[in-house]
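Here is how names work: the chains are called A, B, and so on, in the same order as the sequence lines, proteins then strands, and each is numbered from 1.
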Protein chains: 2
Amino acid sequence: MSASRIRTATLLIIDRDGLDGLSMRKLAAELGVQAASLYGHVSTKDDLLHEVAAEILEKVDVSGFDGGDWRSGLRSAAWSYRSALARHPNIVPFLAYGPAHREASLRRLDVVHGGLVAAGWSRREATMIAAGLMYLVFGAALSTFSSGFSEDQAVYRDRYPNLDKAHLLPGVAQELDHDSFELALESFVTGLAARAPG
Amino acid sequence: MSASRIRTATLLIIDRDGLDGLSMRKLAAELGVQAASLYGHVSTKDDLLHEVAAEILEKVDVSGFDGGDWRSGLRSAAWSYRSALARHPNIVPFLAYGPAHREASLRRLDVVHGGLVAAGWSRREATMIAAGLMYLVFGAALSTFSSGFSEDQAVYRDRYPNLDKAHLLPGVAQELDHDSFELALESFVTGLAARAPG
DNA sequence: ACCTGAACACCGTTCAAGT
DNA sequence: ACCTGAACACCGTTCAAGT
């Protein structure tokens, strides 16, 4: 009925059935209504997805750039992005598509950019660092590298002698994803610091 | 007709019309045939996409890990991934979906993992570094951060005072993407080196 | 062996008609 | 004002029938 209830149901279906599992007819059924009724509240399926995307990105908190140094600002922004995206992994491919066109994304990137410039980075460097942050955040949310391994370990043992079987157990996959993101982020920040201004 | 000709036409349509622009009927028309005929050579649309994905990943070269140190191995692998993916940006969301399930991806990750372990990293660290590499590569290929800005600069000037207008001109967007990837990769490698073994 | 026409069960979206 | 039924132009996929 309300736009907010439609967005909630949309996200529920995406979380449960995947991005391909969302159809306007299924969404309507979830809301106890006919598909055509949705078009009184939503202009288009694509538009609805953008609204849901905006709602998710609205939860990203980049306030870590107020006050502290750029290192902690970058770290807290990265983790906030990660936790917002990790809650709804199925919609990430859609989120990643053109972040620059999204109002909510731009407001946050503007804060990150401003914080980096205030710390002494050039405007161009600030843009590139913010881009690097997006690479890490979306790449980590999207590829869910480790969790893809969990199904049948025998395959890996025989054919890919170098891959680490011990860390591919389902139980540790999530922890490994977390630690991999932490290592990548900390290395990124450390590496930047090595060429930092001021 | 042949499986290879079908894959070529598939990629042509994806490059031209996007992932959503690919339909079996359109693909058939491109090949001068009826949609039903495709199912004599291809089991399913999803399967066809996986074949095309494999063909693209087959071109990624991780041989930089033979011989040289892990730093140059990581760099050359990253750039090879980047150039392979950058040639077909529209299929990247599909590629990123579950790299661990893909034969061609696993062979390359096995080489990367082996190279890192040979350089003295633990198996677990090697897995995490390889994951970080995937984050950067897929994130960079997917979010095409800078190129999304190019349409109307007046919007940014007024509302996002911190964002750097000078670097958002269409002409420099591509260069900025390149340099952002380079900065992120170099920072990642430098940061890792700070905690390197041996 | 390879292609086709027709059909099936789906899509997103529109629109006149109902309350 | 809000919902509906029916329709339109599409999908992926199957399968008997044609050459």
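- Closest non-hydrogen pair, A:Gly132 versus B:Ala184, comes out as CA-CB, 4.1 Å.
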Please list every donor-acceptor pair under 3.5 Å in which a side-chain atom of residues 76-85 of chain A meets a protein atom from a residue at least two apart or in another chain.
{"residue": "A:Ser76", "atom": "OG", "partner": "A:Gly73", "partner atom": "O", "Å": "3.4"}
{"residue": "A:Ser80", "atom": "OG", "partner": "A:Asp61", "partner atom": "N", "Å": "2.7"}
{"residue": "A:Ser83", "atom": "OG", "partner": "A:Ser80", "partner atom": "O", "Å": "3.4"}

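- Qualifying side chain to side chain contact (heavy atoms under 4.5 Å, CB included) partners for A:Thr44, counting only residues two or more places apart in sequence or in other chains: A:Asp46, A:Asp47.
- In this structure, A:Leu31 atom CG and D:dC2 atom C1' are separated by 14 Å, rounded to whole Å.
- For the 3.5 Å distance criterion, the side chains of A:Asp66 and A:Ser63 fail to qualify, holding no donor opposite an acceptor.
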Under a 4.0 Å heavy-atom criterion, the protein footprint on nucleotides 8-19 of chain C, written with B, S and -, is ---BBBBB----
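- Residues passing the side chain to side chain donor-acceptor pair (under 3.5 Å) test with A:Lys59: none are found, sequence neighbours excluded.
- For residues 11-69 of chain A, the ring pair (Phe, Tyr, Trp, His ring centres under 6.0 Å) pairs, not counting sequence neighbours, are A:His50-A:Phe94.
- Note on B:His41: every side-chain N or O is 4.0 Å or more away from OP1 and OP2 of C:dC2.
- Base-pairing analysis of DNA chain D finds the following stems of at least three consecutive Watson-Crick or G-U pairs, with both pairing distances under 3.5 Å: C:4-8 with D:12-16, C:12-16 with D:4-8.
- What you find for A:Leu31 and A:Ala9 is that their closest heavy atoms are CD2-CB, 3.8 Å.
- B:Ser37 and B:Gln34 share no donor-acceptor pair across their side chains, judged by distance under 3.5 Å alone.
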